[in-house]
There are 2 protein chains.
Amino acid sequence: MGETATKRDYEAMLRAAGLRITKPRQIILTILLQAEGHPDAAQIFERAVAMDARISLATVYRTMKALEESGAIERHAFGDGPARFEQARSAHHDHLIDIDSGEVVEFADPRLEALQDEIAARLGFEIVQHRLVLYGRRRARDDG
Amino acid sequence: MGETATKRDYEAMLRAAGLRITKPRQIILTILLQAEGHPDAAQIFERAVAMDARISLATVYRTMKALEESGAIERHAFGDGPARFEQARSAHHDHLIDIDSGEVVEFADPRLEALQDEIAARLGFEIVQHRLVLYGRRRARDDG
DNA sequence: AATGCAATTGATAATCGTTTGCATAAACCC
DNA sequence: GGGTTTATGCAAACGATTATCAATTGCATT
C-alpha cells in the first residue's frame with residue numbers, strides 16, 4: 001500500500017499543470033510528504049516557517065489550492081474546523097473520527113460505494129463524489 | 001411520514017432545556033416549522049425580519065444553537081457554504097446534493113447504516129453519528 | 001550569464017459566516 | 001408588580017480563506 005510518491009512526482013504534477021517549481025512550493029511539498037495524518041493550513045504554515053521564515057500563510061493557501069486542483073492532494077473539512085489535507089492516493093477511502101481523541105482513521109469498502117451508486121441511481125442521479133465521515137467511539141473492551 | 005411537530009412541542013423542548021420562550025424564539029420556531037428544505041441562518045433571519053423588524057442575526061444564530069443543543073433541529077454543513085438547518089425528525093436520513101442546481105435530496109437506506117456499523121465494528125469502534133453526503137448530477141435522459 | 005516576461009510571492013486588506021461583550025430589555029417566579 | 005435571571009440588539013471580534021498589488025522570481029531564450 002504505502003505508495004510513497006516522491007517530491008519529484010509532485011513536481012512533475014505541478015509542471016504538468018503549468019505551474020512553476022518555486023521555493024515555497026518545494027518547501028510545502030516536502031512538508032506534505034513528511035506529514036503524518038491530515039494537517040491543516042496553519043500547521044503546514046508553521047512547519048514551513050521553520051524552514052523558511054519568509055513564507056506567508058497566503059502562499060500556503062494558494063499552494064494547497066493549486067495542489068488540490070492538480071490532483072496532488074485532497075482537502076477534507078471534518079466538522080466545522082479548518083480544512084485539512086492529505087496526499088492524494090489512488091484508492092478512495094473515507095474517514096472515521098474518534099470523537100474522544102480526534103484521531104482520524106481511514107477505511108474503504110467497495111460495498112459502500114456500490115450501495116451509494118445504487119441509491120443515487122434510484123433517485124435518478126449519478127454520483128460525482130461523496131463524503132462519508134463516521135463519528136465513533138472506541139469500543140470498550142468491557143472488563144468492568 | 002410527515003411527523004409535523006407543533007410549535008408547542010418545540011416550546012416544550014426549550015422549557016425542558018431551561019430556556020425561556022421569548023418573542024424572537026417564537027418567531028424563529030414558526031419559520032422553522034413552515035420552512036421547506038434546509039434554510040441557512042441568513043434565510044431564517046430574512047424571514048424573521050419580515051415578521052419583526054427588530055430581530056437580529058445574532059439572535060438567530062443563538063437560537064439555532066440552542067435548538068440544536070436541545071435536539072430540536074439539526075445543523076448541516078454541505079460543502080463550504082453556510083450551515084443549513086432542518087427540523088429534527090425521528091428517522092435518520094442522509095443527503096444527496098445536485099451539483100448543478102444545489103438542490104438537496106434526502107434519502108435513507110438501512111443497509112447503509114448496517115454496513116457502516118459493520119465497518120466501524122471491524123475497526124473497533126461504535127458509531128455515535130455519521131454524515132454521508134453524495135454529490136451527484138441528474139442522469140441525462142439521454143435523447144441527444 | 002544576462003534578459004524579458006509571465007507567474008508567483010509576501011504583506012495586508014477584505015470577505016464571509018459566525019460568535020461574543022456589553023448595556024438594555026424582556027421573561028419568569030413569588 | 002417587583003426582583004432576578006436570562007435573552008436581546010448592536011457592534012465589534014473572530015477564524016478561515018481569498019483578493020489586491022507592488023515587488024520578486026522562475027525559467028525559456030539569447
Side-chain angles (χ1 to χ4, degrees), chain A residues 7-8 10-29 31 38-70 72-85, chain B residues 7-8 10-29 31 38-46 48-70 72-85 102:
Chain A
K7 194 172 149 205
R8 207 158 273 110
Y10 283 114
E11 291 182 1
M13 297 185 84
L14 288 180
R15 282 186 186 290
L19 299 173
R20 292 179 177 171
I21 312 300
T22 67
K23 198 181 303 180
R25 284 179 180 157
Q26 291 187 59
I27 290 175
I28 292 171
L29 279 180
I31 291 168
H38 306 69
D40 62 33
Q43 294 169 327
I44 294 166
F45 175 58
E46 184 186 353
R47 297 178 207 177
V49 166
M51 300 180 69
D52 181 341
R54 75 181 60 183
I55 281 185
S56 87
L57 222 206
T59 294
V60 172
Y61 275 107
R62 282 186 290 231
T63 300
M64 300 323 283
K65 175 171 286 189
L67 289 172
E68 189 191 356
E69 285 171 355
S70 59
I73 63 171
E74 280 172 23
R75 170 192 301 256
H76 300 290
F78 304 124
D80 42 359
R84 297 170 62 176
F85 305 89
Chain B
K7 194 174 149 203
R8 207 157 274 111
Y10 283 116
E11 291 182 3
M13 298 185 83
L14 289 180
R15 281 188 186 290
L19 300 172
R20 293 177 177 174
I21 311 301
T22 66
K23 197 181 303 182
R25 283 178 181 159
Q26 291 187 57
I27 290 175
I28 292 171
L29 280 180
I31 290 168
H38 307 69
D40 61 34
Q43 294 169 326
I44 293 166
F45 173 59
E46 184 186 355
V49 166
M51 301 180 69
D52 181 341
R54 76 182 59 182
I55 281 184
S56 85
L57 221 205
T59 295
V60 172
Y61 275 106
R62 282 188 286 234
T63 300
M64 300 322 283
K65 176 172 286 186
L67 290 173
E68 189 191 358
E69 284 170 357
S70 60
I73 63 170
E74 280 172 21
R75 170 192 300 257
H76 300 290
F78 304 125
D80 43 358
R84 299 170 63 175
F85 306 90

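What's counted below: heavy atoms across the whole structure, side chains too, no hydrogens, waters or symmetry copies. Nothing here was measured: the structure is a model prediction, and the numbers come from that model. Each chain gets a letter, A, B and so on, in the order the sequences are listed, and its residues count up from 1.
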Using a heavy-atom cut-off of under 4.0 Å over every strand shown, decide if [X] touches base, sugar-phosphate, or nothing.
X	result
A:R15	sugar-phosphate
A:A83	sugar-phosphate
A:I21	sugar-phosphate

Is [X] reaching over with its side chain to a backbone N or O of [Y], donor-acceptor style, under 3.5 angstrom?
X	Y	answer
A:Q43	A:D40	yes
A:R47	A:I31	no
A:T59	A:I55	no
A:R25	A:R20	yes

Exercise for review: Count the heavy atoms of every other residue, nucleotide or ligand shown that sit under 6.0 Å from NZ of B:K7, and state whether that count exceeds 12.
Suggested key: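 For B:K7, atom NZ is crowded (more than 12 foreign heavy atoms under 6.0 Å).
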Revision key, fill the gap. Comparing nearest nucleotides in DNA chain C, the 5'-proximal residue of the pair A:T59, B:Q26 is A:T59
Review point. Between A:Y61 and D:dT17, is there a side-chain N or O to OP1/OP2 distance below 4.0 Å?
Key: yes
Exercise for review: Please state whether the phosphate of D:dT8, meaning OP1 or OP2, lies under 4.0 angstrom from any side-chain nitrogen or oxygen of B:T22.
Suggested key: yes
Picking from [options], which would you name as closest to the side chain of [X]?
X	options	result
B:K65	D:dC27, C:dT19, C:dG10	C:dT19
B:R20	C:dG17, C:dA27, D:dT18	C:dA27
B:K23	C:dG17, D:dC27, C:dA27	C:dA27

Round to the nearest Å and state the distance from [X] atom [atom1] to [N] atom [atom2].
X	N	atom1	atom2	value
B:D52	C:dA26	CG	C1'	13 Å
B:Q43	C:dT18	CD	P	11 Å
A:I55	C:dA11	CD1	C1'	14 Å
B:R25	C:dA27	CZ	C1'	10 Å
B:M64	D:dA7	CE	P	16 Å
B:D40	C:dG17	CG	C1'	10 Å

Check your understanding: For the base of C:dG21, is there a side-chain donor-acceptor partner from B:R62 under 3.5 Å away?
Key ->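 Such a pair exists between side chain and base.
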